[in-house]
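See structure below.
Owing to the predicted nature of the structure, the values given are computational and were not obtained by experimental measurement. Residue numbers run from 1 in the order of the sequence given.
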Amino acid sequence: MPLRADDTGADAGHSEIGDMDLRVRALQSVLVEKGYVEPAALDELIETYETRIGPRNGARVVARAWIDPTYRDWLLSDATAAIAWLGYMGRQSEHMVAVENTPAHHNLVVCTLCSCYPWAVLGLPPTWYKSAPYRSRAVRDPRGVLAEFGVTLPLQTQIRVWDSTAEVRYLVVPMRPAGSEDLDEDHLAALVTRDSMIGTGLARQPGSVSRA
């Protein structure tokens, strides 16, 4: 079973709306029609996860750590407080630990028991994160799992696997890509992906993101 699904969702050859989106919209219509869900409340929930909770928050944390050595040290020593200082707090993010990727060490996060995940900084967990193949193979064969995500590391790079629990959740601080020295915090945040903060990906290269 492949660990990763296409993040784009829709099949470009058929429709701009993927099958899952269509199913969600149909379910939403039924719930609203039967009076189980208030449209305004649903819109507020969606807006919260799109703009106030999710990978954008984690990207801001990483970007700040890249440009501010004092904040970086604080994040690595007390991630819960450092993240809360930026205003990112919430369910399943009460006890955070930040781990930093370096040329010598690459960090990979998994939850072998269920799907513990830091919602406040990464949003809701992707489907593959909750899958049994990922949860088992990330521990047994982390290098092979990374290869399936398109990440091939030098053999001398040690891979550390961190198992999230109900008490502690992890945020990976990916390495800052070369050529990003002249970018400001906003543009640096655009280089940080959800997968790079789990450890199944790397930060984007500066040339891959528009600076407009």
*Give the minimum heavy-atom separation between C116 and C114, together with the two atoms involved.*
SG-SG, 3.6 Å
_If you define the side chain from C-beta out and look only at heavy atoms, does anything of M197 sit under 4.5 Å from V62?_
yes
*Using side-chain hydrogen bond (donor to acceptor under 3.5 Å, both in side chains) as the criterion, list what pairs up with T112, not counting sequence neighbours.*
D163
*Do P206 and L183 come within less than 4.5 Å of each other through their side chains, counting heavy atoms only?*
yes
*Determine the minimum heavy-atom distance between Y134 and V109, stating which atoms define it.*
OH-O, 2.6 Å
*Mind checking side chain to side chain contact (heavy atoms under 4.5 Å, CB included) for P125 and listing every partner two or more places apart, or none if nothing turns up?*
Y117, W119, Y129, K130
_R140 side chain reached by V145 side chain, heavy atoms, under 4.5 Å_ = no
*Quick one: OG1 on T102 to CE on M175, what's the gap to the nearest 0.5 Å?*
7.0 Å
*Check whether L113 and V161 end up in the same hydrophobic cluster, where Ile, Leu, Val, Met, Phe, Trp and Tyr are linked by side-chain heavy atoms less than 4.5 Å apart.*
no
*Atom pair CZ (R169) and OG1 (T80), whose distance is rounded to the nearest 0.5 Å*: 11.0 Å
*Write out all pairs satisfying salt bridge (charged side-chain N to carboxylate O under 4.0 Å, His left out) with one or both partners inside residues 101-116, taking only residues at least two apart or from two chains.*
none
*Short side-chain to backbone donor-acceptor contact, E181 and G179, under 3.5 Å*: yes
*asked:* Measuring from atom CG of L171 to atom CG of L122, what distance do you get when rounded to the nearest 0.5 angstrom?
replied: 6.0 Å
Using distance only, find each side-chain donor-acceptor pair of residues 149-160 under 3.5 Å and give its atom names and separation, not counting sequence neighbours.
residue : atom : partner : partner atom : Å
T157    : OG1  : P103    : O            : 3.0
Q158    : OE1  : H105    : NE2          : 3.2
R160    : NH2  : H105    : NE2          : 3.1

*Heavy atoms only: give me the nearest R194-W128 pair and the separation to one decimal.*
NH2-NE1, 3.6 Å
_Holding to side chain to side chain contact (heavy atoms under 4.5 Å, CB included), I want the full list of residues that pass it with A81, two or more places apart in sequence or in another chain._
W74, D78
_Closest heavy-atom pair and its distance - H106, G201_ = CE1-O, 4.3 Å
_Which residues pass the side-chain hydrogen bond (donor to acceptor under 3.5 Å, both in side chains) test with S164, not counting sequence neighbours?_
none
*asked:* Checking R60 now: which residues fulfil salt bridge (charged side-chain N to carboxylate O under 4.0 Å, His left out) with it, not counting sequence neighbours?
replied: D186
*Can you tell me how far CG of L108 sits from OH of Y170, rounded to the nearest 0.5 angstrom?*
12.5 Å
*How would you list all residue pairs meeting salt bridge (charged side-chain N to carboxylate O under 4.0 Å, His left out) that involve residues 116-129, not counting sequence neighbours?*
none
_Whether R135 side chain and V110 backbone form a donor-acceptor pair below 3.5 Å_ = no
*Please round to the nearest 0.5 Å and tell me the distance separating atom CG of L202 and atom CG of N101.*
8.0 Å
*Locate the shortest heavy-atom distance separating W85 from R64; write the atom from each residue and the value.*
CZ3-NH1, 3.3 Å
*Quick one: do V168 and V121 end up in the same hydrophobic cluster if we chain Ile, Leu, Val, Met, Phe, Trp and Tyr together by side-chain heavy atoms under 4.5 Å apart?*
yes
_Minimum heavy-atom distance V172-S196, with the two atoms named_ = CG1-O, 3.6 Å
_Any residue meeting side chain to side chain contact (heavy atoms under 4.5 Å, CB included) with A98, in chain and number order, not counting sequence neighbours_ = L75, L76, A79, V173
*Mind jotting down which residue pairs meet the salt bridge (charged side-chain N to carboxylate O under 4.0 Å, His left out) criterion with at least one end in residues 96-112? Sequence neighbours excluded, please.*
R72-E100
*asked:* Could you work out, with side chain to side chain contact (heavy atoms under 4.5 Å, CB included) as the rule, every residue matching D73, not counting sequence neighbours?
replied: none
*Sequence neighbours left out, what passes side-chain hydrogen bond (donor to acceptor under 3.5 Å, both in side chains) with W162? Give chain and number order.*
N107
*Less than 4.5 Å apart, any side-chain heavy atom of E185 and any of L188?*
no
